[in-house]
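Take a look at the structure set out below.
All values below were derived from every heavy atom in this structure, side-chain atoms included, with hydrogens, water molecules and symmetry-related copies excluded. Just so we're on the same page: letters track the sequence lines, and every chain starts at 1.
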Amino acid sequence: MRNAEIADAFDELASLYELDGAVVYRVVAYRNAAKAIREAGVSVAELTRQGRVTDLAGVGKTIEEKIHALLDTGSIPSADKLKARVPAGLIEITRIPGLGPKRARALYERLGIRSIADLHTAAEEGRLKDVAGFGEKAEENVLAALAAGADGRPKARLLLSKALPVGEQLVRALREHPAAIRVELAGSARRLADTVKDLDIVASASDPKALAEAFAKLPELDTVSSPGEAGARATTHSGLQVDLRIVPAEAFGNLLQHFTGSGRHNEALRTEAVRRGLHVSEYGIADDEAGTTEAFATEEEVYERLGMQFIPPELRENRGELESARRDELPALIELSDLRGDLHMHTTLSDGRNTVEEMAAGARERGYGYIAITDHSASHGFGNDVQPDELLRQLEQIRSLDLGGIRVLAGTETNVLPDGSLDYEDAVLEQLDWVVASLHTAFRLPEQDQTARMLRAMEHPLVDAIGHPTGRLIERRQPYEIDVDRVIAGALETGTFLEINGNPDRRDLNDVYARAAAEAGVMLVIDSDAHGLERLANIRYALATARRAWLTREHVANTRPWPELDGVRKRGR
DNA sequence: GCCGTTTTCGGCCCGACTGTTTTCAGTCG
């Protein structure tokens, strides 16, 4: 059973307990455990079999037993019992804005509402306002939410690549205003998470009202509500919500820290601060003993006051960064300027939009010393496959080019066939400088077969790297069934690099697995997988994932000049 | 339910907003 499935079961259990009226701390404990399981980076089922699952922070004896039950029987007994008392449909009702567990429970008990459909009917018939605690307004709000498309499913999140350019444009525009002192993007966009729910912008200004009014007039925004001293809330033309918050410059650091999150990071940071008599909020840090509240203009000062290193936003997920920062042991995260080359991109020979020369010129402008051209192989199946003779002609062409200043490696992104063999004969692969192997077909193989397929590909002496190793498409497609622990072990044994793919739909390996791979000693490559010149810039998303995975330049093969990289890869060892 | 050089029991972040409340519970981020 996958970590995501186990985590889902505990999130559901938490919701059921919440609806049943359990003390919030128990509910929070299950939610924390679900998060720890989701982000474990290694197989929690395996960890449980080894008796080590309580090593995960937030998983104790009770939850260990429940995981055992889940793995053995497919369900958690306490969840089954709760479902007999509380309809699971109430969980969907709690996803309607304004309706939480208490109110959903009240609707069930007073009106027998057990589904979104029941809720809809009761609201239309005007029966909600008969329930204690509900009035006209509550009924209106429910009807409005349902009319606006709320259906009880978790809200889809927006890909970072869709939201980030919008946020950066708004920040640029606000900074140009004469009243602006500081303007920064906050929230999950600043943490460069895979997806965002909305955009948060934090500002300080000499004339807050003027800045808010200027914000309201920006052409990117559709509707804006009540621009005032404290900021404004807006929606872009594509429906993305943007919150602008304006604070005095003296407290800008506190507010930026607060709104950058994550919620879990802040919660853990504050809990730890309380033990030392400090209370952290968006307004400042209160000291019990001194009876004072200090505000800080910069985040650096906030973290310093709390006795820790500055924590880069990408690490603020409560995944151990607070402890490391207190010990002064945060890693020196990889930076864009560390990258020497890009080892995965396509040209017009397969499904790219630009030629080898154009891609090389673009890469040179980015300051790279080398690139690898890695068009799709013969059985790609999505148009424009590359037969061996075509590949060899491209190789000749690359060898004859004079591209002054940048080394162009002749490579391929070869398909891994269902049995783990590659798409080209060794005689062809031997002539290439760089081989990426990826899975593009037979996604539905059982886990054992998929894992064996990948392991066999990694055992091939000419495979330098595995492209997008789990095959996920963020918000669209789950990873294929594969045992990532064994893939990481296989990569370590064979000396195969694992890729962090920069296509913003992929970002694969993800942050959690990339961190696990690096900790195991596997070397990673950070690639754009560009299918066009302008997509070379997608490297920023791969870099973002690498930083969220705590990687330093040492962990990443293509921070090295080519001759050095050539020496550390499988065939150079 | 979890956790621990202040604790193996007694804590568990902080504040804003909404609506239905005569003083606050529930929800949200």
Side-chain angles (χ1 to χ4, degrees), chain A residues 10-11 13-37 53-67 76 78-79 93-107 128-142 144-145 155 157 186-188 191 196-200 202 225-226 230-231 233 241 243 245 247 251 254-255 257-286 288-289 293 302 306 318 322-323 326:
Chain A
F10 281 98
D11 271 327
L13 182 60
S15 297
L16 290 169
Y17 267 123
E18 194 173 33
L19 286 162
D20 196 45
V23 291
V24 290
Y25 299 112
R26 186 193 255 187
V27 175
V28 167
Y30 282 120
R31 295 239 160 90
N32 284 340
K35 179 187 185 265
I37 291 164
V53 74
T54 53
D55 291 355
L56 294 176
V59 177
K61 208 78 202 126
T62 304
I63 290 177
E64 179 182 33
E65 280 170 23
K66 291 183 195 300
I67 298 174
I76 303 172
S78 50
I93 291 177
T94 64
R95 297 200 184 104
I96 305 292
L99 296 185
K102 295 281 194 300
R103 288 160 72 80
R105 181 67 193 254
L107 292 174
L128 295 190
K129 57 180 177 292
D130 300 338
V131 179
F134 287 75
E136 294 280 354
K137 189 72 187 166
E139 199 159 80
E140 275 173 35
N141 288 345
V142 166
K155 253 192 169 172
R157 292 174 62 95
S188 45
R191 302 198 312 278
V196 307
K197 184 169 60 63
D198 55 19
L199 289 174
D200 291 294
V202 172
S225 65
S226 59
R233 167 166 292 183
Q241 185 177 307
D243 287 328
R245 287 186 178 81
V247 280
N254 299 96
L255 197 80
Q257 196 283 324
H258 173 78
F259 280 108
T260 297
S262 64
R264 305 274 185 170
H265 171 86
N266 287 348
E267 204 177 315
L269 174 145
R270 291 167 178 193
T271 301
E272 201 270 341
V274 166
R275 290 199 206 107
R276 294 183 291 137
L278 300 173
H279 302 274
V280 181
S281 79
E282 57 265 55
Y283 302 105
I285 300 178
D288 282 342
E289 201 174 335
T293 298
V302 173
L306 295 171
N318 195 23
L322 291 164
E323 194 185 4
R326 273 194 297 276

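Between Ile63(A) and Glu136(A), the residue anchored nearer the 5' end of DNA chain B, judged by the nucleotide with its closest heavy atom, is Ile63(A).
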Exercise for review: At under 4.0 Å between heavy atoms, which parts of nucleotides 22-29 of chain B does protein reach? Answer with one letter per nucleotide, 5' to 3': B base, S sugar-phosphate only, - none.
Suggested key: ----SSS-
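Between the C1' atoms of dC14(B) and dT7(B), the separation comes to 23 Å (whole Å). Of the C1' atoms belonging to dC13(B) and dG29(B), the separation is 12 Å, rounded to the nearest Å. Distance noted for atom C1' between dT23(B) and dT18(B): 15 Å (whole Å). Comparing the C1' positions of dC9(B) and dG15(B) gives an interatomic distance of 29 Å, to the nearest angstrom. Between dT20(B) and dC28(B), the distance separating the two P atoms is 15 Å to the nearest Å. Between dG10(B) and dC17(B), the distance separating the two P atoms is 37 Å to the nearest Å. Nucleotides dG11(B) and dT6(B) have their C1' atoms positioned 12 Å apart, rounded to a whole Å.
Distance, Leu128(A) CG to dT20(B) P: 11 Å, rounded to whole Å. Summarising the geometry, the separation between CG on Leu269(A) and P on dC12(B) is reported as 16 Å, rounded to the nearest angstrom. Put simply, CG on Asn266(A) is 12 Å from P on dC13(B), counting in whole angstrom units. One can place OH of Tyr283(A) at 10 Å from C1' of dC14(B), the figure rounded to the nearest angstrom. Between Glu323(A) atom CD and dT5(B) atom P the separation is 10 Å, expressed in whole Å. The CD-P distance, from Glu267(A) to dG15(B), rounds to 14 Å in whole Å. Rounded to an integer number of Å, the gap from Asp55(A) CG to dC2(B) P is 14 Å. Summarising the geometry, the separation between CZ on Arg276(A) and C1' on dG4(B) is reported as 16 Å, rounded to the nearest angstrom.
Between the side chain of Arg270(A) and the backbone N or O of Val280(A), at least one donor-acceptor pair lies under 3.5 Å. Between the side chain of Arg191(A) and the main chain of Thr260(A), a donor-acceptor pair closer than 3.5 Å is present. With hydrogens and angles disregarded, a donor-acceptor distance shorter than 3.5 Å links the side chain of Ser262(A) to the backbone of His265(A).
Among the nucleotides dG19(B), dT6(B), dG15(B), the one closest to the side chain of Ser281(A) is dG15(B). The side chain of Arg275(A) has dT6(B) as its nearest neighbour among dC2(B), dC13(B), dT6(B). The listed nucleotides are dC2(B), dT7(B), dG19(B); the one nearest the side chain of Thr62(A) is dC2(B).
Between Tyr25(A) and dC2(B), no base-stacking contact is recorded for ring centres under 5.5 Å apart and planes less than 30° from parallel.
Taking a pair to require two hydrogen-bonding distances under 3.5 Å in either a Watson-Crick or a G-U wobble arrangement, dC24(B) pairs with dG19(B).
Looking at heavy-atom distances under 4.0 Å, Gly263(A) makes no contact with the nucleic acid at all. Ala57(A) comes within 4.0 angstrom of sugar-phosphate atoms only, judged by non-hydrogen atoms across all strands, and of no base. Note on Val280(A): only backbone sugar-phosphate atoms sit closer than 4.0 angstrom, heavy atoms only; bases stay farther off. Within the nucleic acid shown, Asn141(A) comes within 4.0 Å of sugar-phosphate atoms alone, with no base atom in reach, counting heavy atoms only.
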Practice item. Please report the C-alpha distance between Glu272(A) and Arg326(A) in whole Å, then the side-chain angles of each, then the deciding distance to 0.1 Å, and finally whether the salt bridge (charged side-chain N to carboxylate O under 4.0 Å, His left out) criterion is met. Key: CA-CA 11 Å; Glu272(A) 201 270 341; Arg326(A) 273 194 297 276; 3.6 Å; yes
Practice item. Walk me through it: do Asp20(A) and Arg105(A) pass the test salt bridge (charged side-chain N to carboxylate O under 4.0 Å, His left out)? Key: CA-CA 8 Å; Asp20(A) 196 45; Arg105(A) 181 67 193 254; 3.6 Å; yes
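Residue Thr271(A) places no side-chain N or O under 4.0 Å from the OP1 or OP2 atom of dC12(B).
Note: Asp243(A) CG to Asp198(A) CG = 5.5 Å, rounded to the nearest 0.5 Å.
No side-chain donor from either of Arg103(A) and Thr94(A) sits under 3.5 Å from a side-chain acceptor of the other.
Annotation: Lys155(A), atom NZ; neighbour count of heavy atoms from other residues, nucleotides and ligands within 6.0 Å does not exceed 12.
In this structure, Ser78(A) and Leu13(A) approach most closely via the heavy-atom pair OG-CD1, 3.9 Å.
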